[in-house]
Structures are given as C-alpha cells and as structure tokens.
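Remarks on the structure that follows.
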Number of protein chains: 2
Amino acid sequence: MKLTSKGRYAVMALADLARFDNINPVSLRDISLRQGISLDYLEQIFSKLRKKDIVQSVRGTQGGYVLNKKAKEIKLTNIFDAVDEKVKTVQCKKDSKKGCNGKSTKCLTHNLWDELENHINNFFEEKSLEDLVKDNVERRI
Amino acid sequence: MKLTSKGRYAVMALADLARFDNINPVSLRDISLRQGISLDYLEQIFSKLRKKDIVQSVRGTQGGYVLNKKAKEIKLTNIFDAVDEKVKTVQCKKDSKKGCNGKSTKCLTHNLWDELENHINNFFEEKSLEDLVKDNVERRI
DNA sequence: AGATACTTGACTAATTTAGTCAGGTTTATA
DNA sequence: TATAAACCTGACTAAATTAGTCAAGTATCT
Ligand code: FES
Ligand code: FES
C-alpha cells in the first residue's frame, strides 16, 4: 500500500502555506517553485481544498491562497478527505452484507482489514498541520 | 492509499490454510474454491510464500501446502514481505540524503510520512495468523 | 491596459495491478 | 506403469489508476 502523490502534495503544499501568517496570500507559483510540484497539478489540488473550505483564495495580482482555519484545526483527515485520498483496505462494499467473494458472509480477513483501516485513520485524525510546522521549526534549530 | 489484492489474497489464503492441522496438505484448488481466488493467481502467490519458508509444498496427488511454522509465529509482516506488498509513504529514497524534490534536504513532510509508515508497520508486526483464526472462531460462536 | 494569478475541464502518457495462459514437473494410487 | 491431481514457472495482457499536461478562460491589482 502506498500514499499517492496527490495526498502527499496536498499536505506538502499546505505545510508550506502554514509557515506564513494567515494574512498575506501565498501564490501557487511560489509553492510550486519551493516544493517542486507542477503548477498545473497544484491548481487541481487547491481547487478541491477550496471547495472544502480548507483554504481561501484571493484573486488578482498579489493574490494566492490563505488557510481558512487555524493550523491546529486542520487535521490530515480533513486534507485527505478534500482531495479524495482515501484509505481503502477492504475489498467489499462496507455497508453491504455480502463478502468480497460474492458470498453472503464476510470473508475471513474482513475484520482484520477493518481494524487496519481504523488504525491508519487514527493517525490521520490525530495529526494536524500545526504538528507539521512545529516539527520543522524544531529540526531547524 | 489502498491494500492490493495480492496482499489481501495472501493473507486470506493463509488464514484458510491455518484453519486446518499442519499435517494434511491443503490444495490450492480447495482454497481457490472456498475463497473465490483465481487458481493461477494463487499459484503465483504461493510460489513466493514458499520461497520465504512460510509454507511447505507437497507435490503429487493429494498434495498441497502446509504451514511451515506455527500460526502464532507468522506475522502479517512476514506475509507481506514475502509477496512484496510493501508500505511506501515517502517519495524519496530513504537512505539517500536528497529530498523528494531533488533538493539536498528532506522535504517538509518527510518526517510525517516516516512516522506514518512506522505506525502502519507496527500493526503488521503485532498481528499474527493465529489472531486471525481466533477471531474467526469467536465470531462463529 | 497589462500582468499576475486563480479557475475549470478535458485530455493523455506512464505505471501498476490483477490477473490469464501455456507449458512444464512431480508423485500418489489404481 | 499409466494417469490424474497438483505443484511450478515465466511470459503475456487488459484494465484501472495515477500523475500529470494543456488550453482557454476570469478576476483583480497597479
Ligand atoms: S474484505 Fe470485506 S468481505 Fe472480504
Ligand atoms: S518524502 Fe522524503 S524528502 Fe519528501
């Protein structure tokens, strides 16, 4: 199982944003250059982040994006949810009563994968953007 | 991020194997039928499991596969390792000093993904085949 | 007016996954 | 000893997903 670029970039870009105050917007171009992410790709990502109210956009010259909440309140869960980076461990439809093999009972491993999914999601629910920024400040000392 | 079929099937098939004693070999054909996994695909998977000494093969008529260790000693880590289902969260080469953006320092999120990887691997190191079998027996009651 | 930067949707190349297929070899047992 | 069950291997392929690119806008500051 691996993390996709979309999720990785979303968090990376927001971490970049979060390093600045929430007043002066940061342009995607700057983020693109600093983080080495394609500008066009960033635009796709930020479009989604905006729709989920994680960032606010400022159009025109000197425009860019600003965090819409405090860094502490933005959890990885929220970010991943916004860009459709989802954790999927089971094969079957979760709410269906059928198993992944088409049978009427859940397969031998269903419970295990469900536990795994929760385990991973817990991590995402605990980590906030603030944690990320702090970690980077500390490492710089 | 999602789990691939190869990893899922490997664990599913071994869980099936583990329900029986370690004396009479279980044929892939039986597993294929019970678990709804393509026989040809199972063969690929078991070839890898055998190379890593997780199972033993018995050729010929009435042949099949047998667990090579006690279910308690087979952790998910071992299984995933055998079938090359690996957890990959960072983009960069781990041992390299370069970051994923080609720069000379690790990116803002590198540490975070590293933590995530450990978090997931911890789960795999704790869970054994025995846990799986027990869980299924309990549910049946 | 012009430059900067957001906005959107469609398109595509590359990669990965999830198998299939064909041709073996080994061994129990009738 | 013939035969069938079952392991064994490598090559091939279709489908899905990912990771972008590209083109054509719109808004706003200076
Ligand atoms: S994963 Fe849900 S039934 Fe198999
Ligand atoms: S993931 Fe390692 S440097 Fe970005």
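Predicted, not measured: the structure shown is a model, and the values here were computed from it. Sequence lines set the chain letters: A, B, ... in the order given, protein chains first and strands last, and positions in each chain run from 1.
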Exercise. Give a yes or no on whether the backbone of A:Leu112 and the side-chain of A:Thr109 come within a donor-acceptor separation of less than 3.5 Å.
Key: no

Quiz item: When you measure from every atom of DNA chain C, which of residues 43-56 of chain B have a heavy atom less than 4.0 Å away?
Solution: B:Gln44

Exercise. Check step by step if side chain to side chain donor-acceptor pair (under 3.5 Å) holds for B:Arg8 and A:Gln91.
Key: CA-CA 9 Å; B:Arg8 187 182 295 109; A:Gln91 175 98 21; 2.4 Å; yes

Exercise. Check whether any side-chain heavy atom of A:Asp16 lies under 4.5 Å from a side-chain heavy atom of B:Leu108, and answer yes or no.
Key: yes

Practice problem: Can you see which heavy atom on A:Val55 is nearest to which on A:Leu17, and at what distance? | Solution: CG1-CD1, 3.9 Å

Quiz item: Using a heavy-atom cut-off of 4.0 Å to chain B, what are the terminal contacting nucleotides of DNA chain D, in 5' to 3' order?
Solution: D:dA4 to D:dT17

Self-check item: Main-chain N/O of B:Phe80 paired with B:Asp84 side-chain donor or acceptor, under 3.5 Å
Solution: no

Exercise. Applying side-chain contact (heavy atoms from CB on, under 4.5 Å), name anything that partners A:His110, two or more places apart in sequence or on another chain.
Key: A:Val90, A:Cys92, A:Lys106, A:Cys107

What pairs of donor and acceptor atoms, side-chain ones from residues 61-77 of chain B against any protein atom, are under 3.5 angstrom apart with sequence neighbours left out?
residue: B:Asn68; atom: ND2; partner: B:Asp53; partner atom: O; Å: 3.2
residue: B:Thr77; atom: OG1; partner: B:Phe124; partner atom: O; Å: 3.0
residue: B:Thr77; atom: OG1; partner: B:Glu125; partner atom: N; Å: 3.2

Exercise. For the pair B:His119 and A:Phe123, name the ring-plane relationship: parallel under 30°, tilted 30 to 60°, perpendicular over 60°.
Key: tilted

Quiz item: Does A:Lys94 pair with A:Asp114 as a salt bridge, N-O distance under 4.0 Å?
Solution: yes

Quiz item: Can you name the closest pair of heavy atoms from A:Ser32 and A:Ile37 and give their distance?
Solution: OG-O, 2.8 Å

Exercise. Please report the closest heavy-atom contact between A:Ala10 and A:Ile79, naming both atoms and the distance.
Key: CB-CG2, 3.9 Å

Quiz item: If only side-chain N and O atoms of A:Ser27 are considered, is one of them under 4.0 Å from the OP1 or OP2 phosphate oxygen of C:dC6?
Solution: no

Exercise. Kindly say whether A:Ser128 contributes a backbone atom to a donor-acceptor pair with the side chain of A:Asp131 at under 3.5 angstrom?
Key: yes

Quiz item: Should A:Glu115 and B:Lys127 count as an ion pair when the cut-off is N to O under 4.0 Å?
Solution: yes

Please enumerate all protein N or O atoms sitting under 3.5 Å from an N or O of nucleotides 16-18 of chain C, with distances to 0.1 Å.
residue: C:dA18; atom: OP1; partner: B:Ser5; partner atom: N; Å: 3.2
residue: C:dA18; atom: OP1; partner: B:Ser5; partner atom: OG; Å: 3.2
residue: C:dA18; atom: OP2; partner: B:Ser5; partner atom: N; Å: 3.0

Quiz item: Over how many whole Å does the gap from A:Asp40 atom CG to C:dA13 atom P extend?
Solution: 16 Å

Quiz item: Separation of A:Leu39 atom CG from C:dT4 atom C1', in whole Å?
Solution: 12 Å

Provide a list of protein-nucleic acid N or O atom pairs under 3.5 angstrom, restricted to nucleotides 26-29 of chain C.
residue: C:dA28; atom: N3; partner: B:Thr61; partner atom: OG1; Å: 3.3

